[in-house]
Visitor: 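Before I ask anything, here is the structure I am working with.
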Amino acid sequence: MSGSPWLKDPGTDVRDALPPAAERNQSGRAGADPVGELAGRLDDFVAAAVHPDEVAALLESDGLTDEQIRRRYGHDDSFALAEDLYARVERRFPRTGDPPPGPGSPALLGCLLRGLLFTLPGLGHVLAAPVLAGGGTAHAPLLAAALAGWAWNQALAHRAYTWLGLGDRPAAARALLRGAPVGVVLGTAAAAAVAPAAPDHGPALLFAAGQSLYLAAATVLLVLGRERVLLAALLPLVGGALYTALQPMPGWAHPVLPLASVTAATGLAAGAVAGMLRPAGHGGRSRSRGRSRSRSRNGRGRAAPSGLGGSVPYGLFGLGSGVLVLHVALDNPPFAVALTLGMGPAEWLLHRFRADSLAGLRACTSPGAFRIAVGSALLRSLAGYLAVLPALMAASLLLWPGGADRPAPAAAAGALLLGAVLWTGLLLQAFGAVLSPAAVCCLAALVPLLLPGSGPLLAPAAASGVLVLLVCAQLGRITAHR
């Protein structure tokens with residue numbers, strides 16, 4: 001998720017539009033009308049802007065400081081300069097552009113595959129169930145390890161995606177190489193902390209350690225775009241589940257098949273990271289250093305990501321959403337399967353909303369018209385997700401091994417609202433609002449613990465309502481879509 005596929009369009013670099021040093025006089029001003037010259041150089045961008053704030057966002061994103069603006073252009077700040085540029089350039093709103101991805105595009109297939117990959121590891125729990133002793137308490141270590149893994153690997157994925165977005169694949173590989181083992185240790189430690197001190201919980205602890213190892217390996221492969229490789233690693237689980245559906249499986253196969261998938265995923269992840277860290281040859285390194293020095297000299301280099309604290313909100317969102325899904329899984333496991341599988345269509349609909357909002361930005365000629373276009377795109381995407389999710393929930397109930405009890409209407413409505421929470425939270429993250437969905441999900445996750453009799457509707461209903469309001473406030477700003 002959340003290095004996200006919804007990167008801001010690069011647009012025009014203001015530093016390219018600035019006059020060369022040789023053309024500036026001693027005061028730093030270029031020509032008699034530097035604002036007019038800048039307006040001419042940024043003409044295409046400013047003409048298509050719906051509001052001066054878009055122009056201000058462009059000026060600020062490329063590092064033009066208020067001091068430089070006062071010295072070169074005679075305005076107090078980027079907003080004053082943007083208003084001047086906006087007033088000087090006639091509006092032109094191009095109505096053509098690349099259409100949003102359609103239902104038959106490869107993007108949809110890739111997203112559906114990712115949703116399937118989020119769901120298939122659950123087969124490991126089904127296969128290993130006969131060897132996990134301890135009754136219901138044996139699941140406590142597995143759940144604790146899963147929550148720790150979700151939180152840590154969400155933050156780790158953000159860190160690696162950030163480096164990939166900057167074009168530094170070796171730095172992304174190093175982040176994964178250092179962070180993935182830490183996630184394994186944290187998951188195993190969480191499992192050990194909640195496991196009762198009894199000898200028969202040894203298999204559960206071993207399974208929790210393997211689960212943590214798989215989550216780390218899967219994070220590496222998914223971040224690096226190796227979905228098909230990860231699917232191949234899960235084939236032992238899929239084959240075992242199909243075999244079990246036809247006839248009883250030999251006792252030795254219950255632990256061996258999950259172990260085979262974990263081993264394959266770990267080896268493939270290690271190979272992928274090693275391939276990214278392998279030197280490309282002396283000449284390639286020299287050319288890379290030369291390009292880096294060139295970017296530094298001309299001011300075009302991109303800054304390294306902020307400290308590790310910048311990834312913490314992503315981990316908190318993973319923890320909060322994981323606890324919310326866990327509450328559903330304990331009461332209605334088929335609904336949890338549907339929510340997990342639904343992450344595939346949810347991801348594609350996020351892509352679709354991004355495309356629709358950019359199309360609206362190109363077509364609309366006023367802020368009001370743009371807000372209407374974005375609101376319509378939001379309703380279409382959210383309605384599409386909430387239409388797919390009930391179908392997945394019904395299918396999960398029908399296909400659940402041994403059948404599933406008919407859920408109460410409140411439980412079904414709560415799972416549907418939780419889907420809205422997950423989708424709107426991911427949407428806010430995609431547009432740079434990270435702290436708010438993390439805080440909302442973590443607070444909602446505490447509601448069942450603080451109010452045991454609150455029922456399945458209160459937490460997801462409150463969280464979804466707050467997140468929808470935040471989405472409207474965030475995405476109603478034109479600059480959020482540039």
Side-chain angles (χ1 to χ4, degrees), residues 1-2 4 111 114-115 117-119 121-122 142-158 161 183 186-187 190 211 215 218-219 222-223 311-333 335-347 349-350 382 385-386 388-389 392-393 411 413-450 454 456-468 470-471 474:
M1 303 195 135
S2 97
S4 128
C111 291
R114 290 172 70 88
L117 290 173
F118 296 151
T119 309
L142 309 184
L143 298 177
L147 290 176
W150 287 340
W152 177 262
N153 288 309
Q154 185 86 354
L156 175 62
H158 167 259
Y161 273 131
L186 289 176
Q211 174 182 269
L215 288 175
T219 299
L222 289 173
V223 167
S311 298
V312 170
Y314 292 87
L316 292 176
F317 178 79
L319 178 61
S321 59
V323 172
L324 289 172
V325 174
L326 178 59
H327 287 311
V328 173
L330 293 176
D331 295 330
N332 296 281
F335 286 173
V337 173
L339 287 168
T340 307
L341 190 59
M343 286 296 99
E347 185 174 341
L349 286 167
L350 289 174
L382 183 56
Y385 174 63
L386 295 181
V388 170
L389 189 55
L392 294 176
M393 292 164 60
L416 197 62
L417 288 171
L418 179 54
V421 170
L422 298 177
W423 193 83
T424 51
L426 292 173
L427 179 62
L428 286 168
Q429 282 192 352
F431 282 86
V434 183
L435 288 174
S436 51
V440 170
C441 284
C442 287
L443 290 174
L446 293 175
V447 169
L449 302 177
L450 300 177
S454 58
L457 275 176
L458 178 61
S464 60
V466 172
L467 288 177
V468 167
L470 290 173
V471 165
Q474 173 76 10

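Computation of the quantities below employed the complete heavy-atom set of this structure, encompassing side-chain atoms and omitting hydrogens, waters and symmetry-equivalent molecules.
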Visitor: Could you tell me the separation between the CG atom of L156 and the CG atom of L215, rounded to the nearest 0.5 Å?
Guide: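 Answer rounded to 0.5 Å: 11.5 Å.
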
Visitor: Return the minimal non-hydrogen interatomic distance between G414 and L457, and the atom names on each side.
Guide: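 For G414 and L457, the tightest heavy-atom pair comes out as N-CD2, 3.6 Å.
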
Visitor: Mind listing the closest non-hydrogen atom pair of M343 and F118 along with its distance?
Guide: CB-CD1, 3.7 Å

Visitor: Donor-acceptor check, side chain of N332 to backbone of V328, threshold 3.5 angstrom: yes or no?
Guide: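 A pair under 3.5 Å: no.
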
Visitor: Determine the minimum heavy-atom distance between G320 and A445, stating which atoms define it.
Guide: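 For G320 versus A445, the nearest heavy atoms are O-CB, 3.8 Å.
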
Visitor: Can a donor-acceptor pair be found, under 3.5 Å and without considering hydrogens, that links the side chain of Q429 to the backbone of P437?
Guide: no

Visitor: In Å and rounded to the nearest 0.5 Å, what is the OG to CG distance from S321 to L339?
Guide: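 The distance works out to 10.5 Å.
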
Visitor: Taking W150 for its side chain and G318 for its backbone only, find out whether a donor-acceptor pair lies under 3.5 Å.
Guide: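 Not a single qualifying donor-acceptor pair exists.
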
Visitor: Any side-chain heavy atom of V421 sitting closer than 4.5 Å to one from V440?
Guide: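 With C-beta onward as the side chain, the pair stays apart.
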
Visitor: Shortest non-hydrogen contact from L341 to L392?
Guide: CD2-CD2, 3.9 Å

Visitor: For residues L416 and L386, report the shortest heavy-atom separation together with the two atoms involved.
Guide: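 Where L416 meets L386 most closely, the heavy atoms are O-CD2, 3.7 Å.
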
Visitor: A side-chain contact here means heavy atoms from C-beta on lying under 4.5 Å apart; do V325 and L422 qualify?
Guide: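 V325 vs L422: side chains touch.
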
Visitor: Can you tell me how far CG of L426 sits from CG of L467, rounded to the nearest 0.5 angstrom?
Guide: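 One gets 10.0 Å once the value is rounded to the nearest 0.5 Å.
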
Visitor: Out of curiosity, N153 CG to L222 CG, how far, rounded to the nearest 0.5 Å?
Guide: 10.0 Å

Visitor: If you compare all heavy atoms of S311 against all heavy atoms of H158, which two are closest, and at what distance to 0.1 Å?
Guide: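 S311 and H158 have their closest heavy atoms at OG-ND1, 2.8 Å.
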
Visitor: How long is the straight-line distance from CG of L389 back to CG of L418, given to the nearest 0.5 Å?
Guide: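 L418 atom CG to L389 atom CG measures 8.5 Å (nearest 0.5 Å).
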
Visitor: To the nearest 0.5 angstrom, please state how far the CG atom of L450 sits from the CG atom of L443.
Guide: 9.5 Å

Visitor: Find out whether L330 and L143 are in side-chain contact, i.e. whether some heavy atom of one side chain is under 4.5 Å from a heavy atom of the other.
Guide: yes

Visitor: Do W423 and L350 pass the side chain to side chain contact (heavy atoms under 4.5 Å, CB included) test, and can you show the C-alpha distance, the side-chain angles, and the key distance before you say yes or no?
Guide: CA-CA 8 Å; W423 193 83; L350 289 174; 3.7 Å; yes

Visitor: Do F317 and V434 come within less than 4.5 Å of each other through their side chains, counting heavy atoms only?
Guide: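 Answer no - side chains too far apart.
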
